[in-house]
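The next block holds one structure in the form of structure tokens; read it before the comments.
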Amino acid sequence: MTRILPMENIKELWDKIIDGLKTKFTSDVVDLWLTPIELFHKNATEFVLQVPNKFFRNWVEENCLADVKNSLAAAYGLPSGNDVGVEYIELQNVTGGEMTGSETLNAGGAKEPVERVEAAVTSIFNPKLSFSKFIVGKQNQFAYSGAWAVANDPGKQYNPLFIWGGVGLGKTHLLNAIGNRVNENFPKVKTLYVQTKTFINDFIDSIRFGTPATFRNKYSNVECLLIDDIQFLVGKASCQEEFFYTFNAIYDSKKQIVLTSDKPPKDIGGLEERLISRFVWGLVVPIDPPDLETRIAILRSKADEERVYVPEDVILYLASEIKTNIRVLEGALTKVAANAALLGTPLTVDTAKKILQDIITKEKETRPVTIERIQKAVAEHYSLKLSDLKSKRRTEMLAIPRHIAMYLSREMTPSSHAAIGEEFGGKDHSTVIHAINKIKAKAESDPFFSAELNKIVKKINYE
DNA sequence: TTCGGTTATCCACAAGTGG
DNA sequence: CCACTTGTGGATAACCGAA
């Protein structure tokens, strides 16, 4: 019986195989076709290659399958490459039909199907947010793979899994996909999905009603905790303390934790060092905004799902106009399609243009102003670096813009003084108050300064 | 460079707020 | 009631201009 290699080793093995192939192909080719692929172990003589789509599979089969098999045979002491079996998982079905990935992978050697006893599941997940509905591109490939691995082997490989990226890029989708998958694979595992805000409220309630036991029972006994938007813990010391406790309880009992945030761990200011260091124990994966091809794929999939026909040029137009937020992208498609159906007019780029205008302006209006955006605008206005605003230096050149940014953060966002101070390199809340008073007084007495402030506000709102 | 005034910052503490 | 928020006064050291 050959032992299945642990994850790290099989990864290393794949890296080695890739290295070996660098003598045969240029490094560009290797980067393009081979690095996105992951190798899994099925059993003693069979392996699974997880490829982004069928093109990768074809390429491997045509160009280097024999080499891969030989290397695997050598690594596992088999007589020849012919003794090695290789299967594929295609993460994305590029022909546009239904996805196959999630059905085929039971390959990581995960588990036998468990009979469905009454599942002690605490969260119900949105069935629409499954892995098969998640469009994989190279910007979210790592996040997808990480989530996939976790969902099939919770608590083992990547713990905690930390997914970060901007708004509307699919973090919540992945959390739900993990939840769905875990519920499906391991019905007995207690999974819990919570927003960080819910966690905070629960904690405060538990203090108010004097029921810490109930609180800890809810959280510490979870076997797969999926917690969304962890950045909301910033500036809430006792909540962090409690989360630290919860985290350790779950982690120590080898249960899975998955976190999401809008920033990578090290950039979340105002979070205790010990929390951050724990977040990076496992796997930290980014989700970047999708590129054009991926956006097109997303729109096609959405059109399929909604069973509407959308002409290629309209899809291309939408995909090239809306770049950063997948939710908005899908919303635009739905709206355009619904509008055309309602009016009985054909779906054209022109009608799409008209409707999109609406969405874009609305998006701008409703887009919340963040401290970060204010900082960026102020920094740009005074030709400073973002780090200058957060530094400890106090020269007038830095201090005044810093005060302005603090003042505007107070005016334009609902943040508390403490939270603002945190965003400026961990300043004290009274420092923020001081800054606000300073700027207020100056703005009242100096109309030129006041005009300058208005200019900056415009800049913030415009961008 | 040094020196004294200014002030950005942190800290301790108190009072207010909300669920 | 407790955590969070806001506000106040004081200490300190970084800054700044003048000598």
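Computed over heavy atoms, backbone and side chain alike; hydrogens, waters and symmetry mates excluded. Here is the naming used below: chain letters follow the sequence lines, and residue numbers restart at 1 for every chain.
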Grab the [atom1]-[atom2] distance between [X] and [N] for me, whole Å please.
X: A/Asn437; N: B/dT9; atom1: CG; atom2: C1'; value: 14 Å
X: A/Leu398; N: C/dC15; atom1: CG; atom2: P; value: 9 Å
X: A/Asn201; N: B/dG18; atom1: CG; atom2: P; value: 15 Å
X: A/Ile436; N: B/dT9; atom1: CD1; atom2: C1'; value: 15 Å
X: A/Glu422; N: B/dT9; atom1: CD; atom2: P; value: 14 Å
X: A/Leu233; N: C/dC4; atom1: CG; atom2: P; value: 10 Å
X: A/Lys392; N: B/dA8; atom1: NZ; atom2: P; value: 16 Å
X: A/Ile400; N: B/dT6; atom1: CD1; atom2: C1'; value: 13 Å

Could you work out which one of [options] sits closest to the side chain of [X]?
X: A/His434; options: B/dT7, C/dT5, B/dC11; value: B/dT7
X: A/Glu396; options: C/dC4, B/dC10, C/dC16; value: C/dC16
X: A/Thr431; options: B/dC10, C/dC15, C/dT5; value: B/dC10

Output yes when [X] and [Y] qualify as a salt bridge under the 4.0 Å nitrogen-oxygen rule, no when they do not.
X: A/Lys353; Y: A/Glu321; answer: no
X: A/Lys302; Y: A/Glu306; answer: yes
X: A/Glu422; Y: A/Lys427; answer: no
X: A/Asp388; Y: A/Arg393; answer: no

Notebook entry, point to check: Has the side chain of A/His417 got a donor or acceptor that lies under 3.5 Å from a partner of the other kind on the base of C/dG7?
Noted result: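 Per atom types, no contact qualifies.
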Check: Quick one: the side chain of A/Ser430 and the base of B/dC11, do they pair up donor-acceptor inside 3.5 Å?
Finding: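 Answer is yes: a donor-acceptor pair is held.
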Parallel, tilted or perpendicular: rings of [Y] and [X] (30°, 60°):
X: A/Phe203; Y: A/Phe215; answer: tilted
X: A/Phe243; Y: A/Phe279; answer: perpendicular
X: A/Phe131; Y: A/Trp148; answer: perpendicular

Notebook entry, point to check: Base, sugar-phosphate, or nothing for A/Lys438, non-hydrogen atoms under 4.0 angstrom?
Noted result: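 Counting heavy atoms under 4.0 Å across all strands, the contact made by A/Lys438 is with sugar-phosphate only.
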Next item on the list: Using a heavy-atom cut-off of under 4.0 Å over every strand shown, decide if A/Gly426 touches base, sugar-phosphate, or nothing.
Entry: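 Sugar-phosphate contact only.
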Notebook entry, point to check: Hey, which of these two, A/Asp428 or A/Met397, hits DNA chain C nearer its 5' end, going by closest nucleotide?
Noted result: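 Looking at the nearest nucleotide for each, A/Asp428 comes out on the 5' side.
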Margin query: Pick the closest DNA chain C nucleotide for A/Ile433 and for A/Ser238 by heavy atoms, then say which residue is nearer the 5' end.
Written below: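 Nearest nucleotide further toward 5': that of A/Ser238.
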Margin query: Centroid distance below 5.5 Å plus an interplanar angle below 30 degrees: do A/His429 and C/dT6 meet both conditions?
Written below: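 By the stated criterion, A/His429 and C/dT6 stack.
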Check: Of A/Gly425 and A/Ile204, whose nearest nucleotide on DNA chain B comes first from the 5' end?
Finding: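 With A/Gly425 and A/Ile204 compared, the 5'-side residue is A/Gly425.
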Notebook entry, point to check: How does DNA chain B read in dot-bracket, base by base from 5' to 3', with Watson-Crick or G-U pairs under 3.5 Å and | used when the partner is on another strand?
Noted result: |||||||||||||||||||
Do the side-chain N or O atoms of [X] get closer than 4.0 angstrom to the phosphate oxygens (OP1, OP2) of [N]?
X: A/Arg393; N: B/dA8; result: no
X: A/Arg394; N: C/dC16; result: no
X: A/Thr395; N: C/dC15; result: no

Item checked: salt bridge (charged side-chain N to carboxylate O under 4.0 Å, His left out) assessment of A/Lys218 paired with A/Asp202 -> CA-CA 10 Å; A/Lys218 173 172 177 187; A/Asp202 283 354; 2.7 Å; yes
